[in-house]
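So the structure is just underneath, and the comments pick up after that.
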Amino acid sequence: MNVMTSKTRAKKLINAPEDIITEAIEGMVSAHPHLLRVEGATGRAVVAQDGPRDDKVGIVIGGGSGHEPAFAGYVGRGLADAAAVGNVFASPSPEQILDATRAANGGVGVVYLYGNYTGDVMNFDMAAEEAAGLGIECRSVAVADDIASAPAARAHERRGIAGDFFVFKIAGAAAEAGRDLDGVEAAARAALANTRSMGVALTPCSLPQTGKPNFEIGETEMEIGMGLHGEPGMRRGDMAQADAVVDELMAPIMAELAFKAGDEVAVLVNGLGATGLLEQYILHRRVAAILAEAGIRIHYSWVGEYATSLEMAGASVTLMKLDADLKTLLDMPCRTAALTVGDVTERARASRPDRTVAAVFEKKVETRETHLAKDGPITPTIFRAMVSLAGERIGEEAERLSALDGVIGDGDHGITMDIGWKAVRAALAQSPADETIETSCKRMAKAFLDAVGASSGPLYATAFLRAGTAVKDRLNLDAGAMAAWIGAASDGVQERGRAAPGDKTMVDAWVPAAEAARACAEAGDDVLACLDAACAGAERGMNFTRDIESKRGRSAKLGARSVGHIDPGAASTAVILAAMRDAARDLLA
């Protein structure tokens, strides 16, 4: 078995890592010009040539890249109208989702379908809020089919894996059949309620930006219940034969779907990227035998790569228990790059009027403010230098932060943070010299959110907006205002992420940093002392995360296995605050 170690760099046929998504979308559209086009300023909305139309509910799907053919491969007639394409293993941003929403909007509402991951939920929620301001009603169905990721009593916490395939197909067919917004949402939820998945991983995958495995697994080991991003499953153990693996995957699925003799089912045996059809058919052989023994008839099967994890070796099994309606919708024709069912009649692409106006969430940038408090040593110029150094330090620490994330997450935290902070630095480089700190914070929020769709995007965008608002009455920052900025940033992270201290997230660093800065300011200390205190608080909070179990995000599935590892979000918080302190110290010396 070919198992990469931490010292092995994966070989990938790419050009510049920062261009992989743009070039992949360009290649996909050039390969399927009769099916796909790109719309919107972000360049990340892949739209069906023969899909969106007036008076039809729009279907927008989306998620991170690296799972090809999901998600854009399911865009086409009778399935999704548009897909918002995120970075590798990272959700698309709200603006990218809005581009897809505008393209799919037929005037009767849009249904969002995506995997149940924190970043996707936050970004699609923000997009829905913005779309509502444009007069587009959006409904969301977060696909949570992975039976290994949470018990049935907490099914809403489960992550999405290959079950997206069936939920997308059913919702797309319902929309194509002319059902209204309530009806399409109900069909998607019915599909989800009857769909369960479970997978096994044999090797790690490697992110294109690092070329390194995002987790380690022994040459004779397998991980039962592994998630699509390398999240740990139910157990790690010795490799077993195919039949034994399928038996372990199928048992909880069969039990939870409560099959009885005579039921019908749709089957998906899905490869994760590096497991060939030879092995997949062997897996399907055992799935079919188990179903036959239970008196369950397979209505239709799909075997192949439908929701991958870059080049991970392994597979997943998904079953959808069918009733009459689900069966009818499953059989309806569709035509996409990754899936064709039945015969689809050609239809000329109709000219559709633009149903939306300029986004109400457009961030206006004001350059001049009057009557602002000018006491305090942190001028707007110094503030922007502090933020710029924070971005530089994040870039320097990106590999370490991703390595921390690789242990308890999906290994991309440093990469996504670097992308966001590079965008912030570029945006601030364009800011006028007399721009206020509040306006710079708005600029930072928009830049970060547009660049990063992962959970970090909404979290830091909200943090910057709240922090800027907290000092909107000031031109310069004194100790109290600096403490207020840090405190508001902390509040913003908690508000958007709905996390609390002790959940093992970046909140565990932000909250003690804010509390320490506030106490220092109230004691009458100067701004540098407050920044020192904030850094010490963040450091304490970061180290605290090593000793607790994760309760939020992807690492929450680890339970006790997360103990002993620092949360990467808390680590990046410490990096940011330390850099801001260092820049202030140098410039105020």
Side-chain angles (χ1 to χ4, degrees), residues 20-21 24-25 27-29 31-32 35-36 44-48 51 59-76 78-92 96-97 100 111-117 119-121 123-124 141-146 159-172 188 191-192 195 197 199 201 205 207-208 226-231 266 268-275 280 302-312 314-318 320 334-341 410 412 453-454:
I20 55 176
I21 309 304
I25 291 173
M28 188 175 195
V29 172
H32 308 287
L35 296 176
L36 303 172
R44 294 294 190 88
V46 177
V47 183
I59 302 293
V60 171
I61 62 177
S65 297
H67 304 305
E68 288 68 29
F71 293 86
Y74 300 116
V75 171
L79 222 158
D81 296 299
V85 182
N87 292 328
V88 174
F89 289 2
S91 168
Q96 292 163 353
I97 298 165
V111 173
Y112 289 160
L113 304 169
Y114 51 86
N116 189 33
Y117 296 92
D120 293 278
V121 172
N123 281 282
F124 275 92
V141 178
V143 180
D145 59 299
D146 181 16
R159 59 199 175 207
I161 48 175
D164 287 356
F165 174 87
F166 287 128
V167 178
F168 295 171
K169 176 64 180 75
I170 296 301
L192 176 58
T195 299
S197 302
C205 57
L207 299 178
M226 175 71 76
L228 274 183
H229 309 89
E231 306 96 332
L268 173 67
V269 173
N270 172 64
L272 296 180
T275 296
Q280 292 177 43
W302 286 270
V303 178
E305 293 187 333
Y306 292 94
T308 62
S309 185
L310 294 169
E311 78 280 25
M312 187 185 293
S316 61
V317 174
T318 302
M320 181 169 67
C334 70
R335 185 179 62 174
T336 74
L339 179 66
T340 296
V341 174
D410 58 11
D412 70 344

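Within the 3.5 Å criterion, the main-chain N or O of V85 finds a donor-acceptor partner in the side chain of R44. No donor-acceptor pair closer than 3.5 Å links the side chain of T336 to the backbone N or O of V75. Judged purely by atom type and a 3.5 angstrom limit, S91 has no side-chain atom pairing as donor or acceptor with the backbone of G63. Of the possible polar contacts, one joining the T195 side chain to the A191 backbone as a donor-acceptor pair under 3.5 Å is found.
Between I59 and L79 there is no side-chain heavy-atom pair separated by less than 4.5 Å. Counting heavy atoms from C-beta outward, E305 and E68 have side chains that stay 4.5 Å or more apart. Using a 4.5 Å heavy-atom threshold, the side chains of N116 and D120 count as separate. A 4.5 Å side-chain heavy-atom check between T318 and F165 finds every atom pair outside the cut-off. Inter-residue side-chain proximity for F168 and F71 is flagged as met; some heavy-atom pair is nearer than 4.5 Å. You'll find the side chain of K169 reaches within 4.5 Å of the side chain of V341, heavy atoms only. By the 4.5 Å heavy-atom criterion applied to side chains, N123 and Y114 are not counted as neighbours.
Looking at residues two or more places apart in sequence or on another chain, you find a side-chain contact (heavy atoms from CB on, under 4.5 Å) between P208 and K12, I14, I20, V88, L310. Residues satisfying the salt bridge (Lys or Arg N to Asp or Glu O under 4.0 Å) criterion with D146, sequence neighbours excluded, are R159. Considering only residues two or more places apart in sequence or on other chains, V303 meets the side-chain contact (heavy atoms from CB on, under 4.5 Å) condition with V269, L277, Q280, Y281, H284.
Between N270 and A162, the shortest heavy-atom distance links the atoms ND2-CB, 3.9 Å. Heavy-atom minimum distance, G86 versus S65: O-OG, 2.7 Å. Annotation for A80 and A48: closest pair O-CB, 4.0 Å, computed over non-hydrogen atoms. Pairing each heavy atom of D412 with each of F89, the nearest pair is OD2-O, 3.3 Å. For the residue pair A45 and A100, the shortest heavy atom distance occurs at CB-N, 3.6 Å. For the residue pair A307 and P69, the shortest heavy atom distance occurs at N-CD, 4.5 Å.
The line from CG of L113 to CD1 of I170 is 11.5 Å long, rounded to the nearest 0.5 Å. To the nearest 0.5 Å, the span separating CE on M312 from CG on L228 amounts to 7.5 Å. Expressed to the nearest 0.5 Å, how far CE of M320 lies from CG of L192 amounts to 11.0 Å.
Between Y306 and Y74, the two ring planes are parallel [angle under 30°; tilted spans 30° to 60°].
Under the 3.5 Å distance criterion, with hydrogens and angles disregarded, a donor-acceptor pair is assigned to the side chains of D145 and S197.
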